[in-house]
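The structure appears below as structure tokens.
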There are 2 protein chains.
Amino acid sequence: MFELVTPITLGDRVLSQFVELINNGTFKLGEKLPGERDLYAQLGVSRPVLREVLSALRYMGYIESVQGDGTYICKRPLGPAMTQLSLQAMIEETQLFEIWEIRYLIEPEVVGLAAQRATDEDISLIREKFHLFEKNVQENIDHQAIIESTKAFHNAVAMAAHNEALAFLLESITNMMPETRERTIQVQGSSERAVAYHRSIMEEIAARNPEAAKKNMQKHLVDVKSDLEAYMASKKR
Amino acid sequence: MFELVTPITLGDRVLSQFVELINNGTFKLGEKLPGERDLYAQLGVSRPVLREVLSALRYMGYIESVQGDGTYICKRPLGPAMTQLSLQAMIEETQLFEIWEIRYLIEPEVVGLAAQRATDEDISLIREKFHLFEKNVQENIDHQAIIESTKAFHNAVAMAAHNEALAFLLESITNMMPETRERTIQVQGSSERAVAYHRSIMEEIAARNPEAAKKNMQKHLVDVKSDLEAYMASKKR
DNA sequence: ACCGGTAAAGTGGTATGACCAATTTTAAGG
DNA sequence: CCTTAAAATTGGTCATACCACTTTACCGGT
């Protein structure tokens, strides 16, 4: 007869109370929380329930706990709010392309911002990461190292845009296709092309040329997409 | 002497194992998990630890539990992976502008896609949401209704872009500035201007004119930004 | 009075066992 | 065979105890 909305659990209630306590300023950022024993008494639940809630908040990155010390409220929870463990297996094929498209929308804009806002330090960091990447590709080290260095490069670029939330977001998104990255890297010549594009992007950021940088990032991502398609096709077999 | 990297907790280990079990296909999407009693034995931990991990996964939206029935793995965990409870109080002023900038990067692109991909159904839905919004503003109903209807409009547009992940992402982002929305809506004339922009955007999507739609969305967001600034200034006092 | 080391107190982490509430399954009864 | 009620199963909650680590505070030596 009645619609089953959502069986509200005790933890849900506690979670709400907790959010409220933070939003109304009872608990301030960076502050230490009361001990679990005080807290669960204060909230009127048992310790396990409290801990389940805290556990969730912890894995989401809102709080941090130190054994023997206490639990602290994180100051910059932005990343956690967007990212989180990406269970790659949970991402289906269509979603992979959707995620690619999001990259295609965002990353060019990011390099555009980077080209406008990068400081000299930013640029030298980008240079450094690029040369590391180039070196790894040339020497054909293990794939993991190459992946790490390309991520480092993209990350350095994102930092140069001077929008921390954006950098977080981008990292989360790219992390959603990790397996993919490992496979597409094996496609013939893909890494070499990537090096070329990275170089162009780097140089155009250094030259403060947003539009050109954006264009090259777009081309690079189109490349990534075709690698992705090749990978998907091979997976079908 | 030694650097404290991260005190790995039992739950962390279980979480990893769990992720691995999903990624290697032992647990498939939509499937029912073993009972907690089996599971915690199988993973070699106690029930509280297991439950803390499951709790986190649950609040992140990866799994769902039904008392008396079992725990299921969600099929489309994309939203949860990005969004989650946004503790508005945890977002600082600078971050608000960073988030605005993200909107400024993404939303115009989204309406651009929408103008290319919208079906007739999409367009009529957008029209519907727009008229609701317009009506709410004219009749000056309670603010909550206005906020809801503008969100509904933006959401309808996002759906028209036919990229579910993107729609999720955008919703998460806009949800990060909820309080803001409630305040800026009180700024004189802001709602009326918003109606005008929404109308233009709607019409240009219907006319399949991506560039014009993008331009208007950008203007609208610039408007939102100045409201934001006004809000922040008033908050300072 | 100062310093250093050690014990105590406090904190988060883990484990056990029990019971409650909802659902599903099973089996008994019509 | 269908209905129905009991039993088994499952997630939800609680109490308690103990472990590991940190911080604090006390106390003795200098």
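Proteins come first, then strands; the chains are lettered A, B, ... in the order of their sequence lines, and each starts at number 1. For the numbers below, each heavy atom of this structure counts, side chains included, while hydrogens, waters and symmetry mates do not. Predicted model, so just to flag it, every value in this text is computed and none were measured.
- Between B/Leu33 atom CG and D/dT10 atom C1' the separation is 12 Å, expressed in whole Å.
- Nucleotide C/dG13 holds its C1' atom 13 Å from the CZ atom of B/Arg13, rounded to whole Å.
- Judged by distance alone, with hydrogens and angles left aside, the side-chain atoms of A/Glu98 form a donor-acceptor pair with the main-chain N or O of B/Glu164 at under 3.5 Å.
- The closest donor-acceptor contact from the side chain of A/Thr150 to the backbone of A/Ile147 lies at 3.5 Å or more, if one exists at all.
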Between N or O atoms, less than 3.5 Å apart, protein on one side and nucleotides 18-21 of chain D on the other: list the pairs.
{"residue": "D/dC21", "atom": "O4'", "partner": "A/Gln67", "partner atom": "OE1", "Å": "3.0"}

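- Partners of A/Glu134 according to the salt bridge (Lys or Arg N to Asp or Glu O under 4.0 Å) rule, which considers only residues two or more places apart in sequence or in another chain, are A/Arg199.
- Of the residues near DNA chain D, A/Lys32 and A/Val45, the one whose nearest nucleotide (by heavy atom distance) lies more toward the 5' end is A/Val45.
- Whole-Å rounding puts the A/Glu64 CD to C/dG13 C1' distance at 16 Å.
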Would you tabulate the nitrogen or oxygen pairs shorter than 3.5 Å linking the protein to nucleotides 3-6 of chain D?
none

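- Summarising the geometry, the separation between CG on A/Leu54 and C1' on C/dG12 is reported as 10 Å, rounded to the nearest angstrom.
- Closest to the side chain of A/Arg51, from the set D/dG12, C/dT14, C/dA15, is C/dT14.
- Aromatic ring centroids of B/His198 and B/Phe130 lie 6.0 Å or more apart.
- For A/Arg117 and A/Asp122, the salt-bridge test fails: no basic side-chain N is under 4.0 Å from an acidic carboxylate O.
- In this structure, B/Ser65 does not reach the D/dG11 phosphate: none of its side-chain N or O atoms is under 4.0 Å from OP1 or OP2.
- A donor-acceptor distance shorter than 3.5 angstrom exists from the side chain of A/Glu31 to the backbone of A/Lys28, with no hydrogens or angles considered.
- When rounded to the nearest whole Å, the span between OH of B/Tyr40 and P of D/dG12 equals 15 Å.
- Judged by distance alone, the side chain of A/Asp69 and the main-chain N or O of A/Val66 form no donor-acceptor pair under 3.5 Å.
- A/Leu50 places its CG atom 13 Å from the C1' atom of D/dC14, with the value rounded to the nearest Å.
- B/His154 and B/Glu171 are not linked by any side-chain donor-acceptor pair at a separation below 3.5 angstrom, with hydrogens and angles left out of the test.
- Closest contact between the side chain of A/Thr9 and the listed nucleotides C/dG13, D/dA15, D/dG12 involves D/dG12.
- Panel note: side chain B/Glu52, backbone A/Glu52; no donor-acceptor pair is recorded below 3.5 Å.
- Atom OH of B/Tyr72 is separated from atom P of C/dT23 by 12 Å (rounded to the nearest Å).
- Set against D/dC14, C/dG12, C/dA15, the side chain of B/Val49 has C/dA15 as its closest nucleotide.
- Here the C1' atom of nucleotide C/dA21 and the CD atom of B/Glu36 are 14 Å apart, to the nearest Å.
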